[in-house]
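This one's a predicted model, so the numbers in the text were calculated from it and none came from an experiment. Below, chain A is the first sequence line, B the second, and so on; all start at residue 1. In what follows, every heavy atom counts, from backbone to side chain, and hydrogens, waters and symmetry copies are set aside.
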Amino acid sequence: MTDKEEMNVQDENSIIAERRSKLAEIRSLGHAFPNNFTPEDFAKKLHALYENDEKADLEQKNIHVVVAGRMMLKRVMGKASFATIQDKSGRIQLYVARDNINSDKNPELYSQFKKWDLGDILGAKGKLFKTNTGELTIEVSEIILLTKSLRPLPEKFHGLSDQEIKYRQRYVDLIVSEDTRETFLKRSKIISGIRDFMREYEFLEVETPMLHPIPGGASARPFMTHHNALDMDMFLRIAPELYLKRLVVGGFDRVFEINRNFRNEGLSVRHNPEFTMMEFYAAYTDYQWLMDFTEECIKKVAIDATGDLKVTYQAKLIDFSKPFDRLTLVEAILKYSDKYKKDELEDLASVKSAIKKLGGEVVEHAGLGASQLMLFEMVAEEHLWNPTYIVDYPVEVSPLARASSDNKEITERFELFIAGREIANGFSELNDAEDQAQRFKAQVAAKEAGDEEAMYYDADFIRALEYGMPPTGGCGIGIDRLVMLVTDKPSIRDVIFFPHMRPE
RNA sequence: GGGGUGUUAGCUCAGCUGGUAGAGCACCGGACUUUUAAUCCGUUGGUCGCGCGUUCGAUCCGCGCACACCCUACCA
């Protein structure tokens, strides 16, 4: 017996045993899993069309419908019953009376129906009517059990509250939680909205490799795998950046990709080992253009998901309606902490001592920029609640970004923060092949010095740049985190169907 | 990786400063042809996450382990 079979056996209980024996009886009567029933009507639409009709009017209209769905509620009252079924769109009530469904062909149908369980999937045909209390209901004339459910559903009123089961058995969560269904419908709507938006701006949707011979495009630890036929190690991609830029070299001026990245790092409410990112590149633009564009895109997402630019996240308001703030690292530090003077923040030794005072670990070889960044993360980042762009990232932590024309120590780079977390990262791309080669060499040196997240030297990417990449702006947006914000979810696991979990 | 909290019936939850457990829903049997988490009557269901220890006795105390959630670290 395999582990899985063993798990199933341990899982068995009297309720499942009871249902298995019901299924056995159904099998003995003929086809237990018929597949020749097709619904023509759906709960939500029926409610929309007929909810407001008076009882008598509805009766006169004589509307016959065909529905199918999972039985969520059942009230048997002797020779007649009410049942509520749930289809993809919502719920609708059935009125099932013995004398309406039993026939010469099957005089036992109603007594069979009485044995059907919550969770069973059934199909029904009948006429719409209003009950005495005014609920739109189908007076069933034909009913059929399409799929026997062997496992009992969670409690019909409280639903599923065990987070672990919600994540591990998302199918159950989706059956019983309207809120979960709503969240994932919104996620889907957001992503197709983003696609529409990108197409409007003439971006081409592309797909680049998920298996990389050299991991690149971000500072992160990769997952490793092996290609047998080629007998070579490969890496699940940590970012699509270097491939997308190759496409810009090739002449596709505007490209975007919405797909998974994989990073072999810790899990948290904001981190899943595989997460969805949109990266996009636009030739002949720079980081200023990207900030305007990204802002517009994110405002559209807020509208698509909530219908509003003022969004409540974890009981606090996020205001997308105003132009997003733009601050340099130093400005952000000064804004959120009154402990420092501007001059101090321009001095390496005093920035490092400020970090030490806050209990941070000072990195020996870190320059002014990297140290400012560290201080920023310690005192300012979590306070960036409303959308805020932070600009002027140091060259030493931005190996793929174009250096500022005015100051060689900083890059034309921004990160967007909302609700204290990083949502997007973009920059004017470094298109000087010789500079890029130097930066890769510096990364390789850092890797040899023990920085596991430093980048590899990608010779083919340098070769591509040597053919010439036009001046280009590029940006990545963390889709899962964005979805969290506009669906008001505290954990990334709430917006990923099957979040990574330890095996049971 | 470090810290905190949790794990009791299929589900939602009580309970016990140590004497081997209860409710509601679901299930099973019965009554009921307009119910609304239907109602009413009667049942069934648990090695109280796993292991070790302390104890006459552990669901409860201690230690370890597993898994989850939160915080923290790395990062998006």
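- In this structure, A/D117 and A/R421 both approach RNA chain B, and ranking their closest nucleotides by distance from the 5' end singles out A/D117.
- Straight-line distance between the P atoms of B/U35 and B/C16: roughly 41 Å, to the nearest whole Å.
- As a whole-Å value, the separation of A/L94 CG from B/U34 P is 17 Å.
- Note on A/R502: a side-chain N or O is less than 4.0 Å away from OP1 or OP2 of B/C67.
- When heavy atoms are screened at a 4.0 angstrom cut-off, A/D162 is found touching the sugar-phosphate backbone but no base atom.
- Looking at heavy-atom distances under 4.0 Å, A/I477 makes no contact with the nucleic acid at all.
- Among the heavy atoms of the strands lying under 4.0 Å from A/M501 are primed sugar atoms or P, OP1, OP2 only; no base atom is included.
- Interatomic distance, A/I92 CD1 to A/T84 OG1, rounded to the nearest 0.5 Å: 9.5 Å.
- Atom name P, nucleotides B/C67 and B/U54: the rounded distance is 28 Å, in whole Å.
- Within residues 176-183 of chain A, no residue has a heavy atom under 4.0 Å from RNA chain B.
- Within a 6.0 Å sphere centred on CZ of A/R221, heavy atoms belonging to other residues, nucleotides or ligands number 12 at most.
- On the P atoms, B/G3 is 29 Å away from B/A9, given to the nearest whole Å.
- Backbone-only engagement by A/L73 is indicated by non-hydrogen atom pairs under 4.0 Å involving sugar-phosphate atoms exclusively.
- A 6.0 Å sphere centred on NZ of A/K45 holds no more than 12 heavy atoms belonging to other residues, nucleotides or ligands.
- Residue contacts shown for A/Y167 are limited to sugar-phosphate atoms, with no base heavy atom under 4.0 Å away.
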Produce the list of close N/O pairs, under 3.5 Å, pairing protein atoms with atoms of nucleotides 42-50 of chain B; give distances to one decimal.
none

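- Residues A/Q169 and A/R151 have side chains that never bring a donor and an acceptor to within less than 3.5 angstrom of each other.
- B/G18 sits 8 Å from B/C61 when the C1' atoms are compared, rounded to a whole Å.
- Between A/R75 and the phosphate of B/U35, there is no side-chain N or O to OP1/OP2 separation shorter than 4.0 Å.
- Between B/C50 and B/C70, the distance separating the two P atoms is 25 Å to the nearest Å.
- The distance from atom CZ of A/F376 to atom CD of A/Q372, rounded to the nearest 0.5 Å, is 11.5 Å.
- Ring geometry for A/F280 versus A/F203: interplanar angle over 60°, hence perpendicular rather than tilted (30 to 60°).
- A/E135 comes within 4.0 angstrom of a base, heavy atoms only.
- Taking a pair to require two hydrogen-bonding distances under 3.5 Å in either a Watson-Crick or a G-U wobble arrangement, B/C69 pairs with B/G4.
- At a threshold of 4.0 angstrom between heavy atoms, the contacts of A/G478 with the nucleic acid are absent.
- The side chain of A/S161 places an N or O atom within less than 4.0 Å of a non-bridging phosphate oxygen (OP1 or OP2) of B/U12.
- Counting any heavy atom pair closer than 4.0 Å across all strands shown, A/N272 reaches a base atom.
- In this structure, A/K74 is positioned above the aromatic face of A/F113, its NZ or CZ under 6.0 Å from the six-membered ring centre and within 45° of the axis.
- Aromatic ring centres of A/F197 and A/F293: separated by under 6.0 Å.
- Judged by distance alone with a 3.5 Å cut-off, no donor-acceptor contact links the side chain of A/Y95 to the base of B/U35.
- Residue-level contact check: A/R221 touches neither bases nor backbone, having no heavy atom under 4.0 Å from any strand.
- Between the C1' atom of B/A26 and the CZ atom of A/R151 lies a distance of 15 Å, rounded to the nearest Å.
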Each nucleotide N or O in nucleotides 3-6 of chain B that has a protein N or O under 3.5 Å away: list the pair and distance.
none

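- For A/K115, the NZ atom sits in a loose shell: 12 or fewer heavy atoms of surrounding residues, nucleotides or ligands are nearer than 6.0 Å.
- When both pairing distances are held under 3.5 Å, B/C61 makes a Watson-Crick or G-U pair with B/G53.
- Spacing between B/C65 and B/C28 at atom C1', rounded to whole Å, works out to 39 Å.
- Taking side-chain N and O atoms only, A/R493 has a distance below 4.0 Å to OP1 or OP2 of B/C69.
- Within the shown strands, nothing qualifies as a pairing partner of B/C27 under the Watson-Crick or G-U definition with both distances less than 3.5 Å.
- Under the ring-ring contact (aromatic ring centres under 6.0 Å, His included) criterion, A/Y389 pairs with A/F324, A/F414, not counting sequence neighbours.
- Across the C1' atoms, B/G10 and B/A26 are found 7 Å apart, a figure rounded to whole Å.
- Nucleotides B/C63 and B/G22 have their C1' atoms positioned 30 Å apart, rounded to a whole Å.
- Mapped onto RNA chain B by nearest heavy atom, A/P152 and A/G134 fall at different nucleotides, with A/P152 at the one closer to the 5' end.
- Counted within 6.0 Å of CE on A/M501, heavy atoms from surrounding residues, nucleotides or ligands total more than 12; the atom is thus considered enclosed.
- Distances shorter than 4.0 Å separate some side-chain N or O of A/K22 from OP1 or OP2 on B/C28.
- One finds the CZ atom of A/R326 at 4.5 Å from the CE atom of A/M291 (value rounded to the nearest 0.5 Å).
- The aromatic ring centres of A/F235 and A/H212 sit 6.0 Å or more apart.
- One atom, CE of A/M71, and another, P of B/A38, lie 12 Å apart when rounded to the nearest Å.
- Looking at heavy-atom distances under 4.0 Å, A/G476 makes no contact with the nucleic acid at all.
- Other residues, nucleotides and ligands place no more than 12 heavy atoms under 6.0 Å from the CG atom of A/N52.
- A/L150 comes within 4.0 angstrom of no nucleic acid atom, judged by non-hydrogen atoms across all strands.
- Looking at A/Q93, its side chain comes within 3.5 Å of the base of B/U35 through a donor and an acceptor atom.
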Shorter than 3.5 Å, N or O on both sides, protein versus nucleotides 23-25 of chain B: list them out with atom names.
from	atom 1	to	atom 2	distance (Å)
B/C25	O3'	A/K156	NZ	3.3

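- Looking at heavy-atom distances under 4.0 Å, A/R263 makes contact with a base.
- Aromatic ring orientation, A/F223 versus A/F262: perpendicular (interplanar angle above 60°, classes split at 30° and 60°).
- Using a 4.0 Å cut-off on heavy atoms, none of the residues of residues 381-400 of chain A approach RNA chain B.
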